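Note that the structure is a prediction, hence the values are computed from the model and not measured.
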Amino acid sequence: MTIRLLVVDDDPLVRAGLTFMLGGADDLEIVGEASDGSQVGELADRLRPDVVLMDIRMPTVDGLTATEALRARPDAPEVLVLTTFHADDQVVRALRAGAAGFVLKDTPPAEIVAAVRRVAAGEPVLSPAITRQLMHQVACGTGGVADRASRARARIGQLGEREREVAVAVGRGQSNAEISAALFLSVPTVKTHVSRVLAKLGLNNRVQIALLVHDAGLLDEDGDVR
């Protein structure tokens with residue numbers, strides 16, 4: 001299957017470089033480019049990309065605003081955030097809005113291609129260590145941490161026991177196969193539980209599950225269950 005990709009960045013040289021680099025992959029097709037977040041909605045409607053590679057900082061409508069608007073739509077494409085920062089509150093907000101992960105602009109080309117493929121397959125591009133780093137930065141820089149934790153625990157409380165176990169495993173960054181082995185479930189059963197967690201909590205990807213688990217304080221600094 002060919003992955004249809006929309007590249008969004010305000011720097012024409014960056015766009016050209018990404019288009020040249022990603023267009024060389026046999027299973028990727030660059031269906032369009034945008035120089036600002038204000039163009040994303042119309043292009044997404046017209047070009048129907050599977051993945052949007054979204055720069056987070058643009059002068060008119062930034063990638064955060066564009067991601068929030070795009071992911072609120074039915075049948076929205078996946079969003080992979082492109083940034084120069086490892087940990088940034090805007091990156092976390094984009095992830096909370098439904099972005100499936102992020103890559104740095106200096107990431108090697110092969111790794112960006114692999115990230116696009118993973119996002120297109122519905123897999124997050126975000127390690128547990130990076131999740132904790134992002135969450136720690138936001139927690140230290142903003143107020144309302146206790147309220148956020150309380151709200152997150154209340155939402156997690158909507159889950160059944162097995163669903164909660166699966167959600168926490170997702171928060172640890174485990175794959176479906178790893179969760180299957182740890183909880184003695186089949187992989188299809190794990191997928192069913194993940195789907196139920198997403199539906200019950202009104203989330204649209206595994207990254208949002210992981211962030212909610214971290215918000216609820218269910219993992220310690222090493223990623224173990226509290």
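- In this structure, the side chain to side chain donor-acceptor pair (under 3.5 Å) partners of S35, at least two apart in sequence or on a different chain, are Q39.
- Judged as a salt bridge (Lys or Arg N to Asp or Glu O under 4.0 Å), and not counting sequence neighbours, E161 has no contacts.
- Both L5 and V14 belong to a common hydrophobic cluster when Ile, Leu, Val, Met, Phe, Trp and Tyr are linked at side-chain heavy-atom distances under 4.5 angstrom.
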Tabulate below the donor-acceptor pairs under 3.5 Å that side-chain atoms of residues 100-112 make, not counting sequence neighbours, or state none.
residue, atom, partner, partner atom, Å
K105, NZ, D9, OD2, 3.1
K105, NZ, D55, OD1, 3.4
T107, OG1, L104, N, 3.2
T107, OG1, L104, O, 2.7

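- Every side chain to side chain contact (heavy atoms under 4.5 Å, CB included) that N204 has, sequence neighbours left out, goes to R71, Q208.
- Under the side chain to side chain donor-acceptor pair (under 3.5 Å) criterion, R73 pairs with D45, sequence neighbours left out.
- Side chain of D36 to backbone of V61: a donor-acceptor contact under 3.5 angstrom is found.
- Listed by chain and number, the residues in a salt bridge (Lys or Arg N to Asp or Glu O under 4.0 Å) with R153 amount to none (sequence neighbours excluded).
- Linking ILVMFWY residues whenever their side-chain heavy atoms come closer than 4.5 Å, directly or via other members, leaves L6 and L13 in distinct clusters.
- Rounding to the nearest 0.5 angstrom, the gap separating the CD1 atom in I156 from the CD atom in E163 is 10.5 Å.
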- [ ] With side chain to side chain contact (heavy atoms under 4.5 Å, CB included) as the test, would you mind laying out the steps for L95 and L211 before giving the verdict?
- [x] CA-CA 8 Å; L95 296 173; L211 289 171; 3.7 Å; yes

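- Taken to the nearest 0.5 Å, the CG atom of L212 stands 8.5 Å off from the CD1 atom of I209.
- Residues D50 and P77 form no side-chain contact, since every pair of their non-hydrogen atoms from C-beta on lies 4.5 Å or further apart.
- The side-chain hydrogen bond (donor to acceptor under 3.5 Å, both in side chains) contacts involving residues 21-32 comprise D27-R117, where partners must be two or more places apart or lie in separate chains.
- For R162, the salt bridge (Lys or Arg N to Asp or Glu O under 4.0 Å) test picks out E165, with sequence neighbours left out.
- Residues P49 and V31 come closest through the heavy atom pair CB-CG2, 4.2 Å.
- In this structure, the separation between CG on D75 and CZ on R48 is 7.5 Å, given to the nearest 0.5 Å.
- Contact detail for I56 and T83: the closest heavy-atom pair is CG2-OG1, 3.8 Å.
- Taking both residues in full, the closest heavy atoms of A167 and V197 are given as CB-CG1, 4.3 Å, listed atom of the first, atom of the second, then distance.
- Across all non-hydrogen atoms, the minimal contact from V116 to V51 is O-CG2, 4.1 Å.
- Partners of D10 according to the side chain to side chain donor-acceptor pair (under 3.5 Å) rule, which considers only residues two or more places apart in sequence or in another chain, do not exist here.
- Between A216 and A152, the shortest heavy-atom contact is N-CB, 3.5 Å.
- Residue Q174 is tested with V190, V166, I179, V168 for a side-chain contact (heavy atoms from CB on, under 4.5 Å); the sole match is I179.
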TODO: Determine, stepwise, if the pair L64 / R57 fulfils side chain to side chain contact (heavy atoms under 4.5 Å, CB included).
DONE: CA-CA 8 Å; L64 169 62; R57 286 179 169 80; over 6 Å; no

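- Not a single donor-acceptor pair under 3.5 Å links the side chain of R15 to the backbone N or O of V8.
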TODO: Decide yes or no on side chain to side chain contact (heavy atoms under 4.5 Å, CB included) for T67 and V52, but give the supporting numbers first.
DONE: CA-CA 9 Å; T67 297; V52 177; over 6 Å; no

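- T192 places a side-chain N or O within donor-acceptor distance of the main-chain N or O of P188, the cut-off being under 3.5 Å.
- Atom-to-atom distance recorded for L159:CG and K200:NZ is 6.0 Å, nearest 0.5 angstrom.
- To the nearest 0.5 Å, the span separating OG1 on T65 from CG on L70 amounts to 12.0 Å.
- Taking the side chain to side chain contact (heavy atoms under 4.5 Å, CB included) definition, one finds that S175 meets it with A177, E178, sequence neighbours left out.
- For R118, the side chain to side chain contact (heavy atoms under 4.5 Å, CB included) partners are E123, V125, not counting sequence neighbours.
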- [ ] Decide yes or no on side chain to side chain contact (heavy atoms under 4.5 Å, CB included) for M58 and D11, but give the supporting numbers first.
- [x] CA-CA 9 Å; M58 291 178 284; D11 188 329; over 6 Å; no

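- Qualifying side chain to side chain donor-acceptor pair (under 3.5 Å) partners for S186, counting only residues two or more places apart in sequence or in other chains: T189.
- Rounding to the nearest 0.5 Å places CZ of R164 at 5.0 Å from CG of L218.
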